[in-house]
Chemist: 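The structure is given below, and queries will be raised subsequently.
Letters go in sequence order (proteins before strands), and every chain restarts at 1. None of these values were measured; they are calculated from a predicted model.
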Protein chains: 2
Amino acid sequence: MSEVDIFKALADPTRRAVFERLADGEKNATELREGFALSQPAMSQHLAVLRSAGLVAEQRSGRHVHYRVNPDGLAQIHQWLHRYRAFWPQRVDELKQLLQEMDQ
Amino acid sequence: MSEVDIFKALADPTRRAVFERLADGEKNATELREGFALSQPAMSQHLAVLRSAGLVAEQRSGRHVHYRVNPDGLAQIHQWLHRYRAFWPQRVDELKQLLQEMDQ
DNA sequence: GACTCACATAAGTCTGTGCTTATGTATTGA
DNA sequence: TCAATACATAAGCACAGACTTATGTGAGTC
């Protein structure tokens, strides 16, 4: 779950799409395949990459494995981005608005 | 300068290191090579990737080309991250502190 | 216990990419 | 104008990674 792994995991468009689908709600590997023209092993491999990058978490339930977004991964990216905060002052207003939304 | 390009550009550790050096201040391609065991063409290719991803900007000055961080790229990542803001409420306090810092 | 289902893992293929050396192209200075 | 400097581009190589089919594994079902 290093910085390397995270950006590499997100570099693949398919994995980003999978992650996006998980953001809509928890799903198992079979449900995730719906809409993707992808073999079962391919999806399994993508999920393994996302998991080892700390972007998704899994939870076994019988013979199903439920996957969900792991906030730790996003926090890692946020932390990386934070190092370069000096370069996006124009985003301050948007952040303020975001925080207001979250307070409500 | 799409989402794809940005994450792919940052997936390479060498390119992230180059970007980090540029965050310290504007540098030309030769200055950037210092400390890297990398050929001149390799650096040139990395810079081309970072540039086409919108992460760095260039400015020709005579026979030198000065590179600097392009905030647009960081803003792209920030925007992507913003889509998943629901998953990192625990970061709110840090953000608030950040904004206070930036106000001063 | 045999079968099916939901996954993971193995092994092989093919494409992408990061590196190299070699060469091209402006720009500067003698 | 000729050489040197600062970089980009070309071409080729080697490895990484995204995919496939085949197989393994563990949990439910009959």
Chemist: For A:Thr30, which contact category applies under a 4.0 Å heavy-atom criterion: base, sugar-phosphate, or nothing?
Modeler: sugar-phosphate

Chemist: Taking the side chain of A:Thr14 as heavy atoms from C-beta outward, which of D:dG17, D:dC19, C:dT17 is closest to it?
Modeler: D:dC19

Chemist: May I ask you to verify if any side-chain N or O of A:Arg51 is less than 4.0 angstrom from the OP1 or OP2 atom of C:dA8?
Modeler: yes

Chemist: Please state how far atom CZ in A:Phe7 lies from atom C1' in C:dG18, giving the value in whole angstrom units.
Modeler: 19 Å

Chemist: Please tell me if A:Tyr67 has a side-chain N or O lying less than 4.0 Å from either OP1 or OP2 of C:dA6.
Modeler: no

Chemist: Return the nearest nucleotide to the side chain of B:Pro41; candidates are D:dG28, D:dA10, C:dC7.
Modeler: D:dA10

Chemist: How would you label the contact of B:Ala42 with the nucleic acid (heavy atoms, under 4.0 Å): base, sugar-phosphate, or nothing?
Modeler: base

Chemist: Taking a hydrophobic cluster as the set of Ile, Leu, Val, Met, Phe, Trp and Tyr residues connected by side-chain heavy atoms closer than 4.5 Å, whether directly or through intermediates, do B:Ile77 and B:Val49 fall within one such cluster?
Modeler: no

Chemist: At less than 4.0 Å, is any side-chain N or O atom of B:Ser61 found next to OP1 or OP2 of D:dA6? Yes or no.
Modeler: no

Chemist: Below 4.0 angstrom from OP1 or OP2 of D:dC7, is there any side-chain N or O of B:Asn28?
Modeler: yes

Chemist: Rounding to an integer number of Å, can you tell me how far B:Met43 CE sits from C:dG18 P?
Modeler: 14 Å

Chemist: Determine, for A:Glu31 against A:Arg21, whether the closest basic-nitrogen to carboxylate-oxygen distance falls under 4.0 angstrom.
Modeler: no

Chemist: Grab the CZ-C1' distance between B:Arg63 and C:dG24 for me, whole Å please.
Modeler: 17 Å

Chemist: Measure CZ/A:Arg60 against C1'/D:dG28 and give the value in whole Å, please.
Modeler: 13 Å

Chemist: Checking only heavy atoms, does the side chain of A:Gln45 share a donor-acceptor pair with the base of D:dT20 at less than 3.5 Å?
Modeler: yes

Chemist: What is the distance from CG of B:Leu47 to P of C:dC19, rounded to the nearest Å?
Modeler: 12 Å

Chemist: Provide, to the nearest angstrom, the distance between the CZ atom belonging to B:Phe36 and the P atom belonging to C:dG18.
Modeler: 14 Å

Chemist: With side chains defined as the heavy atoms from C-beta onward, is the minimum distance between B:Arg51 and B:Glu58 less than 4.5 Å?
Modeler: yes

Chemist: What I want to check is whether an N or O donor and acceptor connect the side chain of A:Gln40 with the base of C:dA8 at under 3.5 Å.
Modeler: yes

Chemist: Would you kindly give the CG-to-P distance between A:Asp12 and C:dT15, to the nearest whole Å?
Modeler: 17 Å

Chemist: Remember a base hit wins even if backbone is also touched, and classify B:Arg15 as base, sugar-phosphate or nothing at under 4.0 Å, heavy atoms.
Modeler: sugar-phosphate

